[in-house]
Amino acid sequence: MSKILAANFKTNHTRASTAEYIAQLDQWMQKNGYRDEVYIFPPFTALDSFETKSSIVVGAQNAYPTVKGSFTGEIGLEQLDEFGIKTILVGHSERRHLLGETQEFIASKYRWFTERGLTIFYCIGEPLEVREQGEEAVRRYIVEQLEGIDTSYENLIMAYEPVWAIGTGKTATPKLIEKTHAVIKSLCDRPLLYGGSVKPANIEEILSTPGCDGALIGTASWDVSSMVSMLETVIEQ
Ligand code: PGA
C-alpha cells in the first residue's frame, strides 16, 4: 500500500544543503523506482523551483494568508508562486505553542489557502497534560483543533502529532496511534499521517499501524541517509 512520507526541516538546512539533499534523494528515488509521494518542507530561504524527476514535492512550512502586503517576517502567496509551491503546513504544534497561533487564526489561514487550492498538511495533537487526562479529554482537544476546518477539503492531508512526542525521542505506541487515528478518522476521512519522533528504528512499526497512511518526520529526516533508510522501509513493506 502506498504511504506518504514528509520531511519537516524546521529551522535546519541552508539553501545549499537543501539543494544537495533534494538532488541526492531524487537520484535515489529514481534509481530505486520509488513512486509514493515524498514531501520536503525546507526553510523559507531554501525554497526554489527544484527540477526533480521523482515524486518529490516541495512545500512551505508556513505562509501568511495574503498574496502580498505588510506582514514583517512572513511570506505570502506571491513568494510561493514564484517557485510553483502549492503545498503548505498549517497548525504545526510549534506554531501553535511556541509562536502563539490561535485556532481562530489557524482556521482563517486554512480557509484562505483552501480557497486557492493548495494542498494542506493540517497538524493536530494534544500536549502531555491533556493526554494524562485520558481518552475523552484527547478527543475533546482534537475536536477543538478541527474547529473552523473544512475536513472534506479534497487537498487535505491530516497529521496527528502528539506534542509530547515531537522532538523528544518519545514515540506514541502503535496502540495509542491506532486508537487516536480511529478517533480522527471518524471526524475526518482524509489521509492521516503520524508524526513525533519517527525514525528508521520505529517507522516500520508505525507505518504498519492500522489507519496510518504515512509519517511526518522532523529530526530523523534532516540527514538524507536516514530519510533514505525510511523510504527503504516503505519499499519493503
Ligand atoms: P520530530 O518532529 O520527528 O523531530 O519529532 C516531527 C514534527 O514536528 O513534524
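We count ligands from 1, going down the list as the structure has it; atoms in each ligand are counted the same way.
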Tell me whether Ser197 has any N or O atom under 3.5 angstrom from an N or O of ligand 1. yes
Taking 4.0 angstrom as the limit and counting only heavy atoms of Glu161, give me the atoms of ligand 1 inside it, by number and element. 6 (C), 7 (C), 8 (O), 9 (O)
On the 0 to 90° scale, with breaks at 30° and 60°, tag the Tyr122-Tyr110 ring pair as parallel, tilted or perpendicular. perpendicular
Within the 4.0 Å heavy-atom shell around His92, which atoms of ligand 1 are there? 7 (C), 8 (O), 9 (O)
A student comparing Lys199, Lys170, Gln61, Lys10 should find that the heavy atom closest to atom 8 (O) of ligand 1 comes from Lys10
Presence of salt bridge, Asp213 and Lys185, under 4.0 angstrom: yes
Numbered atoms and elements of ligand 1 in range of Ala165, under 4.0 angstrom, heavy atoms: 5 (O)
Just let me know how Asn8 lines up against ligand 1, side chain, backbone, both or neither, with a heavy-atom cut-off below 4.0 Å. side chain
Answer yes if the ring centres of Phe9 and Tyr21 are under 6.0 angstrom apart, and no otherwise. yes
Rest of the hydrophobic cluster containing Val57 (Ile/Leu/Val/Met/Phe/Trp/Tyr, side-chain heavy atoms under 4.5 Å)? Ile4, Tyr39, Phe41, Leu89, Phe121, Ile157, Leu193, Leu216
Under 4.5 Å side-chain linkage, directly or through intermediates, the cluster mates of Tyr64: Phe71, Phe105
For Tyr160 and His181, take the angle between the two ring planes, folded into 0 to 90°, and tell me which bin it lands in: parallel under 30, tilted 30 to 60, perpendicular over 60. perpendicular
Give a yes or no on whether a salt bridge exists between Lys109 and Glu101, defined as a side-chain N under 4.0 angstrom from a carboxylate O. yes
The option among Ala215, Gly218, Ser221, Ala159 carrying the non-hydrogen atom nearest to atom 6 (C) of ligand 1 is Gly218
So if I count the atoms of ligand 1 from 1 in the order they appear, which ones are less than 4.0 Å from some heavy atom of Gly167? 1 (P), 4 (O), 5 (O)
Provide the number and element of each atom of ligand 1 under 4.0 Å from a heavy atom of Gly196. 5 (O)
With a cut-off of 4.0 Å, which atoms of ligand 1 are near a heavy atom of Thr219? 1 (P), 3 (O), 4 (O)
Would you say Gln237 has more than 12 foreign heavy atoms packed within less than 6.0 Å of its CD? yes
Between Thr168 and ligand 1, is there a nitrogen or oxygen pair with a distance under 3.5 Å? no
